[in-house]
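Residue numbers begin at 1 in each chain, while the letters A, B, ... track the order of the sequences.
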Amino acid sequence: MSRIKSLFERKNKNVLNIYCTAGYPKADSTVRVIRALEKHGADIVELGMPYSDPLADGPVIQQSSTVSLGQGMTIKKLFEQLKDLRTQSNIPLILMGYMNPVIQYGFEKFCADAAAVGVDGLILPDLPEYEFETEYGAIIRKHGLDFIFLVTPETSDDRVHRLDSLSTGFLYAVSSSSTTGSDKNMADAGAYLERLEKMRLRNPVLVGFGIRDRASFQQAGTHANGAIIGTAFVKALQNSDDEERSVREFLAGVL
Amino acid sequence: MKKQTYTTPNEYGYYGSFGGAYIPEMLHRNVEELKTRYLDIINDPSFKKELDELLADYAGRPTPLYLAKRLSAQFGTNIYLKREDLCHTGAHKINNTIGQILLAEKLGKKRIIAETGAGQHGVATATVCALKGIQCIVYMGEKDIERQAPNVARMKMLGATVVPALSGSKTLKDATNEAIRDWINHPDDTHYIIGSVVGPHPYPDMVTLFQSVISKEIRAQLKEKTGTELPSSVVACVGGGSNAAGAFYHFLDEKEVELVAVEAAGLGVNSGQSAATSQLGRPGILHGSKSLLMQTEDGQVVEPHSISAGLDYPGIGPLHAHLFETGRAKFLSATDQEAVEAAFNLAKMEGIIPALESSHALSALTRLSFSKNDHVVVCLSGRGDKDLATYMKYIK
Ligand SMILES: Cc1ncc(COP(=O)(O)O)c(C=O)c1O
């Protein structure tokens with residue numbers, strides 16, 4: 001059974017997924033951050049693979065990508081960093097990124113290498129449904145990886161059901177129509193999350209975008225299985241020279 | 001399923017292996033709305049009538065097809081210039097912005113966003129927004145705002161808000177990212193007027209259709225002047241590729257017409273300071289479509305260089321990638337220096353100061369061979385007023 005699936009069998013309320021950019025704040029921070037997150041209570045880690053043109057991201061995550069790329073981060077280096085992770089950590093790990101660097105690496109090789117180092121799932125926001133079904137989905141499955149689609153308040157019920165049926169692991173509910181780190185408020189997301197809840201989806205639902213602290217995390221949990229925090233955590237790591245301390249302090253403010 | 005030809009992508013927006021709509025879910029509803037409605041709107045007789053009237057009375061179409069006699073003598077053939085430089089606002093960009101503003105009205109949108117590099121598309125967008133009294137926000141790289149002050153002033157005078165793109169390399173590619181991010185953040189009331197045949201499906205097709213008026217006129221005008229509708233060659237510069245797509249469109253399925261796309265070689269194709277995407281790019285995904293893309297081995301997008309801000313883009317539209325891959329169009333390039341020389345030559349020989357972008361197309365004439373009865377059409381995509389500061393550096 002996949003690590004993500006067994007997590008949700010154990011725990012289906014207040015699941016906390018933390019996003020961080022690979023190779024940030026320091027080139028070699030990746031594994032330290034993952035281990036600290038696991039130790040201090042996060043349930044899932046979503047690791048962003050930095051890209052020069054991250055369309056769906058706001059300034060904070062963009063900046064972390066720029067820093068990471070400037071420090072020489074590549075997908076190849078990331079897999080080297082993750083090589084021994086599974087001897088030290090069992091936390092479900094998802095890679096998030098944009099299609100271009102992945103297809104340059106070679107899509108099949110990427111999936112194979114990801115699976116080999118113990119990655120559990122992928123989020124590729126600019127991989128569309130049609131290309132997923134005709135070309136990439138089969139490769140992802142062949143390597144035993146989960147694939148998580150996004151839905152937004154603008155996504156129709158029919159389409160939510162379709163994307164849910166294509167997803168495994170969980171479904172990513174973007175809380176408002178925005179790029180990451182916008183100041184649009186979680187407060188308006190209630191009706192939308194309730195709508196998703198009533199749809200009785202196949203997959204657990206995690207809410208992302210706009211979750212930054214205990215209050216928004218709790219609020220997300222009322223109609224979903226948990227939440228994803230990105231920008232607020234990346235901010236907490238800015239200029240950190242003690243990742244574990246930053247992680248501990250940040251999680252103490254959320255959990 | 002709709003059959004894909006050179007002129008029409010398939011229903012998923014593919015020209016061969018290029019195109020598609022690689023967009024995050026946050027853009028899905030808006031792009032889907034465009035995709036399901038653009039053809040019906042464009043083909044509606046009342047839309048066509050309104051578009052044709054504005055193209056004629058406001059943009060100044062048809063633009064002349066001018067037989068450049070002295071230039072022809074210089075190259076030993078018959079060279080016709082398609083005078084898009086005489087369009088209102090000084091370039092072909094207005095053909096697309098008029099079409100898209102009418103479409104935005106039909107979609108009930110109240111807010112327009114656009115990206116711009118040199119400012120030509122920004123000005124053309126600000127212009128049609130003023131014409132329609134619609135709010136206009138133009139994203140422009142911070143570096144380009146410094147380099148293109150007169151066009152920034154024009155946009156402001158036309159009532160547009162110019163927002164500096166501060167991310168990445170602070171040029172056209174980043175302005176496009178910022179426009180797309182704006183669209184993600186304003187899903188209800190906003191239409192994005194993209195400036196070239198790039199972006200997710202249906203943009204490449206839609207912009208091509210709005211620019212196809214160029215080749216429609218060329219056919220009719222050439223017939224009137226020479227008795228034949230088909231030129232031997234059509235030559236156009238390619239940034240994203242909208243003037244070229246428009247100039248090629250009605251000849252794409254006419255195999256005997258040679259299509260020549262001219263990219264910006266910058267300081268030289270292999271100098272590391274170039275924008276010759278077909279030579280330097282590999283298949284990749286940027287701004288929502290799969291095409292040829294200048295990038296590092298790791299798939300990070302590379303910042304191109306050209307003396308001409310309008311050609312300073314690391315990709316080309318998927319139609320052009322397909323024309324390149326299939327060999328249907330010949331791809332040439334011109335360096336900064338060669339383009340400037342071609343501009344000065346046209347000024348002296350014909351009394352026309354071309355845009356730096358168009359000068360790349362003119363420069364390719366020196367690398368093509370002609371016979372004396374050929375009819376060669378060069379798309380003169382824009383006028384050189386905006387480039388005077390650059391040209392002044394070369395005046396001795
Ligand atoms: C005069 C002129 N020609 C050509 C271009 C390049 O764009 P495209 O390749 O879409 O025609 C521009 C872009 O700014 C332009 O201003």
Side-chain angles (χ1 to χ4, degrees), chain A residues 49-59 62-63 65-66 69 72-78 97-106 110 123-131 134-135 149-156 159-160 163 171-174 176-184 209, chain B residues 10-14 17 19-33 35 165-169 173-174 176-190 199-201 282-291 293-303 314-315:
Chain A
M49 300 175 284
Y51 179 42
S52 56
D53 295 80
L55 274 187
D57 288 305
Q62 282 172 42
Q63 198 260 350
S65 298
T66 307
L69 288 173
M73 198 62 196
T74 64
I75 292 178
K76 194 162 162 246
K77 285 211 180 110
L78 174 60
Y98 294 83
M99 279 294 278
N100 196 55
V102 174
I103 61 174
Q104 299 313 319
Y105 188 85
F110 173 80
I123 298 177
L124 300 169
D126 60 347
L127 170 54
E129 182 196 347
Y130 168 70
E131 283 74 4
T134 53
E135 190 172 353
F149 275 96
L150 275 57
V151 298
T152 80
E154 263 72 45
T155 310
S156 70
R159 187 169 164 77
V160 171
L163 295 175
L171 191 66
Y172 192 137
V174 176
S176 67
S177 291
S178 66
T179 43
T180 55
S182 89
D183 43 22
K184 281 190 191 168
F209 289 39
Chain B
N10 75 11
E11 67 173 300
Y12 298 100
Y14 281 92
S17 56
Y22 292 80
I23 49 166
E25 182 63 20
M26 291 78 99
L27 287 175
H28 181 269
R29 196 188 61 176
N30 273 316
V31 171
E32 188 68 18
E33 178 185 33
K35 187 178 125 188
L166 305 172
S167 58
S169 49
K173 145 180 112 63
D174 309 285
T176 308
N177 289 336
E178 289 306 329
I180 294 175
R181 289 181 185 124
D182 178 305
W183 209 19
I184 288 174
N185 283 293
H186 297 87
D188 291 325
D189 57 349
T190 299
H201 177 59
R282 292 194 313 281
I285 294 164
L286 181 68
H287 299 145
S289 61
K290 190 174 198 184
S291 188
L293 178 63
M294 290 171 58
Q295 53 188 310
T296 65
E297 205 183 305
D298 303 314
Q300 309 298 339
V301 182
V302 161
E303 189 54 25

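Going from atom OG of A:S52 over to atom CG of B:L286 covers 7.5 Å, rounded to the nearest 0.5 Å. To the nearest 0.5 Å, atom CG of residue B:D174 and atom CD of residue A:Q62 are 9.0 Å apart. The CG atom of A:D53 sits 5.5 Å away from atom NE2 of B:H287, with the distance rounded to the nearest 0.5 Å. Atom CG of B:D298 sits about 12.5 Å away from atom CE of A:M49, to the nearest 0.5 Å. Here the straight-line distance linking atom CZ of B:R29 with atom OG of A:S177 works out to 7.0 Å at 0.5 Å rounding.
Using a 4.5 Å heavy-atom cutoff, the side chains of A:L69 and B:Q300 are in contact. For the pair B:M26 and A:T179, the minimum side-chain heavy-atom distance is 4.5 Å or more. Proximity of A:T152 to B:H28: side-chain heavy atoms (C-beta onward) are nowhere separated by under 4.5 Å. Counting heavy atoms from C-beta on, the side chains of B:N185 and A:S178 come closer than 4.5 Å.
Looking at B:I23, only its backbone comes within 4.5 Å of chain A, counting heavy atoms on both sides. Of the two parts of B:P283, only the backbone, made up of N, CA, C and O, holds a non-hydrogen atom closer than 4.5 Å to a non-hydrogen atom of chain A. Interface remark: B:Q295 contributes side-chain atoms only to the contact with chain A (heavy atom separation under 4.5 Å). Proximity to chain A (any heavy atom under 4.5 Å) is shown, for B:L166, by neither the backbone nor the side chain.
Looking only at heavy-atom pairs under 4.5 Å with chain A, the residue among B:K290, B:E297, B:H186, B:K173 that has the most is B:K173. The choice from B:D182, B:T296, B:V302, B:I180 that makes the most heavy-atom pairs within less than 4.5 Å of chain A is B:I180. Most heavy-atom pairs under 4.5 Å with chain B: of the set A:Y51, A:F149, A:Y98, A:Y105, this distinction falls to A:Y51. Contacts with chain B were tallied for A:E131, A:M99, A:Q63; A:E131 has the most, counting heavy-atom pairs under 4.5 Å. Ranked by heavy-atom pairs under 4.5 Å with chain B, the first of A:P50, A:P101, A:S176 is A:P101. By number of non-hydrogen pairs under 4.5 angstrom with chain A, the leading residue of B:G299, B:P200, B:A21 is B:G299.
Scanning all heavy atoms of the two residues, the minimum distance from B:D188 to A:E154 falls at OD1-OE2, 3.9 Å. Between A:L55 and B:I184, the shortest heavy-atom contact is O-CD1, 3.7 Å. Pairing each heavy atom of B:E25 with each of A:L150, the nearest pair is CG-O, 3.2 Å.
Each of A:L127, A:I103, A:V102 was evaluated against B:I285; a single residue qualifies, A:I103, per the side chain to side chain contact (heavy atoms under 4.5 Å, CB included) test.
In terms of the side chain to side chain donor-acceptor pair (under 3.5 Å) criterion, residue partners of B:E178 (sequence neighbours excluded) are, by chain and number, B:S167, B:R181. Residues forming a side chain to side chain donor-acceptor pair (under 3.5 Å) with A:Y172 (at least two apart in sequence, or on another chain): none.
Ring-plane geometry between A:Y130 and B:Y14 is classed as tilted, the angle between the planes lying from 30 to 60 degrees on a 0 to 90 degree scale.
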